[in-house]
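This report concerns only the one structure given below.
Sequential numbering from 1 along the given sequence is applied to the chain's residues.
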Amino acid sequence: MEKFINNIKNIISIDILIYIIIGLIAIIVLTIIIMSLRKKKAKKMLEEMELQYNTLKGVPLAFKLNKAVALSRVNDAIAEAVDSCKSSFDTVQEKLKDCSVQLAEIDDLIYVHKSKKARAKMGDLEDDLKICEENVNKINDTLDGILEQENEQRVHINRLKEKFRALKKTIGDNKTSYNQSNEYLEREIVRIEKMFSSFEEWMFASEFNKAADQQKEIGDAIAYLEELTSVLPSMYERAKGVLPRAIDEVGYNYAQARNKGVYLEHLEVKRNLEAVSDMLKNDLNKLRNGDPKGVQDDLNECEKRIVQLQEQISKEEKAFDEVNGNIEILFDSIRTINQDVEDIEHLYNKVYERFGFENWTIKLKETGSKLASLNDMKRSMDKVVNEHAIPYTTLLISYKELEQSAANFAIEVSDMKTKLNNACSDEERAKKQLIKLQLIVNEIQVKMRKHRLPSVSQKYEEDLHKAERMIKDIKVILDNSPLDVKELNKELKVAIDYIYTLYNSVNNLVGMAIMVENTIVFGNRYRSTYPEIDSELTRAELCFRNGQYTKALKIGIQCIEKMHPGAYEKLINKDDSSLLRQEA
């Protein structure tokens, strides 16, 4: 060996030898890297195939096939399809076993760095896996089709479970709202839970038809329970709260009305309230046993009967108040009518002769008959009210009839009385007016005498005598029987116009005479100083004595105006004659 190395050394230089060694090392390293990369790539491919293999193995064909086989035992229609799937399943399983063996062999080849041979086997394995995948998918789809009924039932049962859980929570959170029905609801919950367990047992046994029947029963039970939870609170509120309070209120109002004296025996309130209470007890028993059927109608009927009782009690009490509050007023009005009829008979006897009034003999008989009938109705009403044996709503009808009869008859009586009073009123008015006229004539005479006028015209005396004659003529007419009302009113009107005119004239005359006297008195202050004033006042006095009051006043005013311009106008505006005596 040493000889060989020496010969090499002699042939190849050391530098060349180094290069050769480096090259060999590089080739070795490159070969190792290539082999490592091939091995790594082969491992990656193997991992992918293993993943694909495991995916196919993970498909639960055996589980589905077992269910399908169990289902085929109770369903002949799918037996042939299940047998076909079973044959295909066996083939696939054999193929998958082969693939498993091939995977192990490839892994060994890779491990011993036989990557090329491993890749060749992986090509065959890839084809086998592809075929297996197609068969697995085909078998899986077929089994899913066979087991579709189960899937649908499973989806539906899951929905029912969710609804049941929510319903159960609602019942647990609102126990007070369900009152006495809680025990029944709890039993229903337990029963439904048992139904769910039965459903799972039928599903496990692949008895899908029986499971479907169980599922429908579960759905109906949940629906009924859901309906119960929705209606029970409102029903309990009415049956244990609203209606019992209404019963108590009716009982209280009934007692109050009876204490007032209202007749209520015909309503049989106690019996009706007991019947309503019994109906409510029966309804509460139904609700306690989870049977709301007909309860709503019963509650409505109870409410209707309670409202009717309340309305009837209110009507009777209202009728009682109206009758008792107004019956004395009505009786007073009837007593007034009786008095008016008496007055009419008295007035008629007076008027018939005095004024030649129309003959009311038949009319007064009819009036007396109507009055007797009205008094009979009054006595009958008074008797019935005191006996307290008839509903006041019935009494109210009789009361209204009596009230209407009394009102109509009162109008008739009032018209008759008005006619009679009108016949007498002209005479009474004439008598009162005659007294006034007599007083006015007396006042005229007193004024004439009081002021002692030095001269009064003959006309005033004649007018005064005429006024006295008119008064006497009116007295004569009043004394005659029958009285001539038309003539009386005519003479009275003429006398009133004449005497009031005479009264005004006398007042004016007296007032003027007073003014003349005051004027002359005022002017007397200046007679001794002014001869002209003395002469004028003497003329005024002469006119006054002769009854020429207007001329005397004119002369006196002119004298005052000469001494005090505007003084007399001032005195007249103030209407105060005392100023005449104060002026200087």
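Within the 4.5 Å cutoff, side-chain heavy atoms of Ile157 are placed close to those of Ile218. Looking only at side-chain heavy atoms (C-beta outward), Leu492 and Leu437 come within less than 4.5 Å of each other. Looking only at side-chain heavy atoms (C-beta outward), Gln214 and Phe196 stay at 4.5 Å or farther from each other. Lys175 is listed as a side-chain neighbour of Glu186, based on a closest heavy-atom distance under 4.5 Å. With a 4.5 Å cut-off on side-chain heavy atoms, Asn326 and Ile329 count as touching. With contacts defined as side-chain heavy-atom distances shorter than 4.5 Å, the pair Leu402/Ile334 qualifies. For the pair Gln180/Leu287, no side-chain contact is recorded, criterion being any heavy-atom separation below 4.5 Å from C-beta on. Using a 4.5 Å cut-off on side-chain heavy atoms (C-beta onward), Val441 and Ile471 make contact.
Distance CG/Leu502 to CD1/Ile440: 10.0 Å, rounded to 0.5 Å. Taking CE from Met279 and CD from Glu301, the interatomic distance works out to 6.0 Å, rounded to the nearest 0.5 Å. With values rounded to the nearest 0.5 angstrom, Tyr254 atom OH is found 10.0 Å from Asn259 atom CG. Here the CD-CG distance, from Gln312 to Asn272, works out to 8.0 Å after rounding to the nearest 0.5 Å. If you take OH on Tyr500 and NZ on Lys436, they are separated by 6.0 Å, rounding to the nearest 0.5 Å. With rounding to the nearest 0.5 Å, the separation of CZ in Phe320 from CG in Leu396 is 12.5 Å.
When each of Lys417, Lys363, Lys370 is paired with Glu412, the salt bridge (charged side-chain N to carboxylate O under 4.0 Å, His left out) condition holds for Lys370 and for no other. Across Asp343, Ile337, Thr336, a single residue satisfies side-chain contact (heavy atoms from CB on, under 4.5 Å) together with Gln339, and that is Asp343.
Under the side chain to side chain donor-acceptor pair (under 3.5 Å) criterion, Glu268 pairs with Arg271, sequence neighbours left out. Shown here are the side chain to side chain contact (heavy atoms under 4.5 Å, CB included) partners of Asn289, two or more places apart in sequence or in another chain: there are none. Shown here are the side chain to side chain donor-acceptor pair (under 3.5 Å) partners of Asn324, two or more places apart in sequence or in another chain: there are none.
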Residues 225-233, side-chain donor-acceptor partners within the protein, below 3.5 Å, at least two apart:
residue: Thr229; atom: OG1; partner: Leu225; partner atom: O; Å: 3.4
residue: Thr229; atom: OG1; partner: Glu226; partner atom: O; Å: 2.7
residue: Ser230; atom: OG; partner: Glu227; partner atom: O; Å: 2.7

Using residues 160-170 as the side-chain source, report each donor-acceptor pair under 3.5 Å to any protein atom, sequence neighbours left out, with the distance given to one decimal.
residue: Lys161; atom: NZ; partner: Glu200; partner atom: OE2; Å: 3.2
residue: Lys168; atom: NZ; partner: Glu193; partner atom: OE2; Å: 2.7
residue: Lys169; atom: NZ; partner: Asp173; partner atom: OD2; Å: 2.9
residue: Thr170; atom: OG1; partner: Ala166; partner atom: O; Å: 2.9

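At a cut-off of 3.5 Å, with distance as the only test, a side-chain donor of Asn300 or Arg238 sits close to an acceptor on the other residue. A side-chain N or O of Asn285 and one of Arg288 form a donor-acceptor pair less than 3.5 Å apart.
Checked by atom type and distance alone, the side chain of Asn386 never pairs as donor or acceptor with a backbone atom of Lys383 at under 3.5 Å. In this structure, Asn253 contributes its side chain and Ile313 its backbone to no donor-acceptor pair below 3.5 Å. Checked by atom type and distance alone, the side chain of Ser373 never pairs as donor or acceptor with a backbone atom of Ser369 at under 3.5 Å. Judged by distance alone, with hydrogens and angles left aside, the side-chain atoms of Glu316 form a donor-acceptor pair with the main-chain N or O of Tyr392 at under 3.5 Å. At least one donor-acceptor pair closer than 3.5 Å links the side chain of Ser314 to the backbone N or O of Gln310. In this structure, Thr418 contributes its side chain and Ser414 its backbone to a donor-acceptor pair below 3.5 Å.
Enclosure of atom NZ in Lys260 by more than 12 non-hydrogen atoms of other residues, nucleotides or ligands within 6.0 angstrom is indicated. Within a 6.0 Å radius of CZ in Arg258, no more than 12 heavy atoms belonging to other residues, nucleotides or ligands are found. By the neighbour-count criterion of 12 heavy atoms within 6.0 Å, atom NZ of Lys315 is sparsely surrounded, having that number or fewer from other residues, nucleotides or ligands.
Annotation for Gln438 and Lys475: closest pair OE1-NZ, 4.1 Å, computed over non-hydrogen atoms. Ser181 and Tyr236 make their closest contact through OG-OH, 2.6 Å (heavy atoms, listed as atom of the first residue, atom of the second, distance). The shortest non-hydrogen separation linking Ala406 to Leu330 is CB-CD1, 4.0 Å. Closest heavy-atom contact between Pro292 and Tyr224: CD-OH, 3.5 Å. Nearest heavy-atom pair, Ala257 versus Glu317, reported as atom, atom and distance to 0.1 Å: CB-OE1, 4.3 Å.
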Problem set entry | Derivation and outcome, side-chain contact (heavy atoms from CB on, under 4.5 Å), residues Val242 and Glu303 | CA-CA 9 Å; Val242 176; Glu303 183 176 4; 6.0 Å; no
For this session: Kindly determine whether Arg191 and Glu188 satisfy salt bridge (Lys or Arg N to Asp or Glu O under 4.0 Å), including the steps that lead there.
Result: CA-CA 5 Å; Arg191 188 172 74 88; Glu188 280 296 295; 3.0 Å; yes
Problem set entry | Test log, rule side-chain contact (heavy atoms from CB on, under 4.5 Å), inputs Asn282 and Asp278 | CA-CA 6 Å; Asn282 184 48; Asp278 291 341; over 6 Å; no
Problem set entry | Working for side-chain contact (heavy atoms from CB on, under 4.5 Å), residues Glu217 and Met195 | CA-CA 8 Å; Glu217 188 177 349; Met195 281 195 259; 3.6 Å; yes
For this session: Evaluate salt bridge (Lys or Arg N to Asp or Glu O under 4.0 Å) for Arg469 paired with Asp473, printing each intermediate quantity in order.
Result: CA-CA 6 Å; Arg469 283 197 306 273; Asp473 291 341; over 6 Å; no
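A salt bridge links Asp332 with Arg335: the closest approach of a Lys/Arg side-chain nitrogen to an acidic carboxylate oxygen falls below 4.0 angstrom. A salt bridge links Asp376 with Arg379; the closest basic N to acidic carboxylate O contact falls under 4.0 Å. In this structure, Asp382 does not pair ionically with Lys378, as no charged nitrogen and carboxylate oxygen lie closer than 4.0 Å. Looking at Arg187 and Glu183, a side-chain N of the basic residue comes within less than 4.0 Å of a carboxylate O on the acidic one, giving a salt bridge.
Ring planes of Tyr263 and His266: parallel class, angle under 30° (limits at 30 and 60°).
Sorted by first and then second residue, the pairs that involve residues 395-406 and meet side chain to side chain donor-acceptor pair (under 3.5 Å), not counting sequence neighbours, are Glu322-Lys400, Gln404-Asn408.
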